[in-house]
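Some notes on the structure that comes next.
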Amino acid sequence: MSYKATITSQIDFFNSNKTKDIAFRIEQLKKLKSIIKNNESELCEAIYRDFKKSEFETYTSELGLIYFSIDSAVKHLPKWSNRKRVNTNLINWPARSYIVPEPLGVCLIIGAWNYPFLLSLAPAVAAIAAGNTVILKPSETASASSAAIAKLINENFPSNYFNVVEGGISETTELLSIKFDKIFFTGSSAVGKIVYQAAAKYLAPVTLELGGKSPAIITNNCDLKKTAKRLVWAKFLNAGQTCIAPDYVLVDETVKEEFIGYLKDYIIKFDYSFENNNYVQIINNKNFQRLTALIDKNKIYYGGETNLEKRFISPTLLKDVTLDDKIMKDEIFGPILPLISYSNLEEAIVKIKLLPKPLACYIFTNNKNIRDKLLNQFSFGGGAINEALMHISNTNLPFGGVGDSGTGSYNGKAGFATFSHFKSILHKPFWLEPNLKYSPITNTKLSLIKRLMGS
Ligand code: NAD
């Protein structure tokens, strides 16, 4: 079937109102969970082919998080989809006011390659929960995972409800030439702009989940050892190919030597060798070459080993980095961690503000004033205090960027809202008909209006 024919069949199915039934949505979500569960080993094999990723990591950073989002939607959907009563102002008395969530229609979801299951299926869960139909286009870069998703969904769901389309730029370009009721995109800022422009043609609502340079700020009043442990895990998970990975470290200069030593200790302790299944490959040669070109040999404190054949880059710490270095010009998206020191907090804040608004920020401090100051002085998508990455695993926290790192959010209730329209209704009875707004206009009416409308 052509894309247009599939989309037309989805429009017809959506118009049948079947997806508006809450029991139907819950049934589909449960079905999705059960087919993922039944096919876990195939999914793990596919992701292993793309990344050499272990079952442990596939479960913790992909499948487990998808199960969280399904469970949360199944549990809360009846409440999320209820109409909500809100107060009515005096001028509208005796009306009632309420908000009715409704699905948007046929949704296009475009995924990124770095967490191929999570970034495709978690938005799909939100779209289904909100009562939409879905066309999903995973990233062609993780080709085995893309094929596994297509097989999983297309063999188990009818194409007029949930369909996976595989392909790269030309297929996505063709899809983007068609009118959708919602476009949800995860990927780079550069392609995000292309998607935004394509959506503008039809005034389609858009969510853009993009990337950026997410800082980790290490103050001199935190537990340096535990900070290093948490940061090493967060940075080198998926070999740094994580949109919310700490991209660079801003460290107080009074503790920088001690801190970088702890980072090195944990890298050694966690054993990120090629042979260890806890450490994944770089996705392809193009990214391998891009990343190796970012390693300034004069600034290596630890690591820097590379092997093109194995697409292996060892965890690499770069010391005494400045904003002028090449590594600070773009999102790294790989296992290289530059450290920049600061002599006072203001200097760190100025540095962060020189770069576009990041997707995440991680603040390590036990000092409440410093924490609040950092939280309030610059903008970022979301983040954590004394932790990194884990905020994405809490479905009560909306996940998304701001400015250059994205627009809109999802995760739990936020995902339901992203794929819904909230219809506002003022509901008036017939038993009272005040004549205030009708002709003839009089001075008495005007003074009453002025009192009612606040002047
Ligand atoms: P990408 O922008 O290259 O590709 C994303 C998707 O867009 C893919 O499905 C691809 O097929 C499609 N695409 C690529 N070029 C296109 C074009 N010219 N026209 C139309 N479609 C096109 O991104 P990527 O390399 O897959 O992912 C890496 C980026 O994504 C990083 O910047 C990362 O930070 C970001 N990211 C963000 C999140 C988030 O949740 N905010 C999650 C993961 C990745």
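Atoms within a ligand are numbered from 1 in the order they appear, just like the ligands themselves.
When all heavy atoms of F333 and T242 are compared, the pair lying nearest together is CE1-C, 3.6 Å.
Note on D320 versus K256: salt bridge recorded, some NZ/NE/NH1/NH2 to OD/OE distance being below 4.0 Å. Look at K31 and E27 and you find no salt bridge, because none of the NZ, NE, NH1 or NH2 atoms lies under 4.0 Å from a carboxylate O.
Judged as a salt bridge (Lys or Arg N to Asp or Glu O under 4.0 Å), the pairs with a partner in residues 134-161 (not counting sequence neighbours) are, in order, K137-E140, K151-E155. The salt bridge (Lys or Arg N to Asp or Glu O under 4.0 Å) pairs that include a residue from residues 33-46 are K33-D71, K37-E40, where partners are two or more places apart or lie in different chains. Among residue pairs with one or both ends in residues 284-331, those qualifying as ring-ring contact (aromatic ring centres under 6.0 Å, His included) are Y279-F312; sequence neighbours excluded.
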Note every protein N or O atom lying under 3.5 Å from an N or O atom of ligand 1, pairing the names and giving the distance.
{"residue": "ligand 1", "atom": "2 (O)", "partner": "S188", "partner atom": "N", "Å": "2.9"}
{"residue": "ligand 1", "atom": "2 (O)", "partner": "S188", "partner atom": "OG", "Å": "2.6"}
{"residue": "ligand 1", "atom": "9 (O)", "partner": "G111", "partner atom": "O", "Å": "2.8"}
{"residue": "ligand 1", "atom": "9 (O)", "partner": "K137", "partner atom": "NZ", "Å": "2.9"}
{"residue": "ligand 1", "atom": "11 (O)", "partner": "K137", "partner atom": "NZ", "Å": "2.8"}
{"residue": "ligand 1", "atom": "11 (O)", "partner": "E140", "partner atom": "OE1", "Å": "2.6"}
{"residue": "ligand 1", "atom": "23 (O)", "partner": "S188", "partner atom": "N", "Å": "3.4"}
{"residue": "ligand 1", "atom": "25 (O)", "partner": "W113", "partner atom": "NE1", "Å": "2.8"}
{"residue": "ligand 1", "atom": "26 (O)", "partner": "W113", "partner atom": "N", "Å": "3.4"}
{"residue": "ligand 1", "atom": "26 (O)", "partner": "W113", "partner atom": "NE1", "Å": "3.4"}
{"residue": "ligand 1", "atom": "30 (O)", "partner": "G187", "partner atom": "O", "Å": "3.1"}
{"residue": "ligand 1", "atom": "32 (O)", "partner": "E331", "partner atom": "OE1", "Å": "2.8"}
{"residue": "ligand 1", "atom": "34 (O)", "partner": "E331", "partner atom": "OE1", "Å": "3.2"}
{"residue": "ligand 1", "atom": "34 (O)", "partner": "E331", "partner atom": "OE2", "Å": "2.5"}
{"residue": "ligand 1", "atom": "41 (N)", "partner": "E209", "partner atom": "O", "Å": "3.4"}
{"residue": "ligand 1", "atom": "41 (N)", "partner": "L210", "partner atom": "N", "Å": "3.4"}
{"residue": "ligand 1", "atom": "41 (N)", "partner": "L210", "partner atom": "O", "Å": "2.7"}

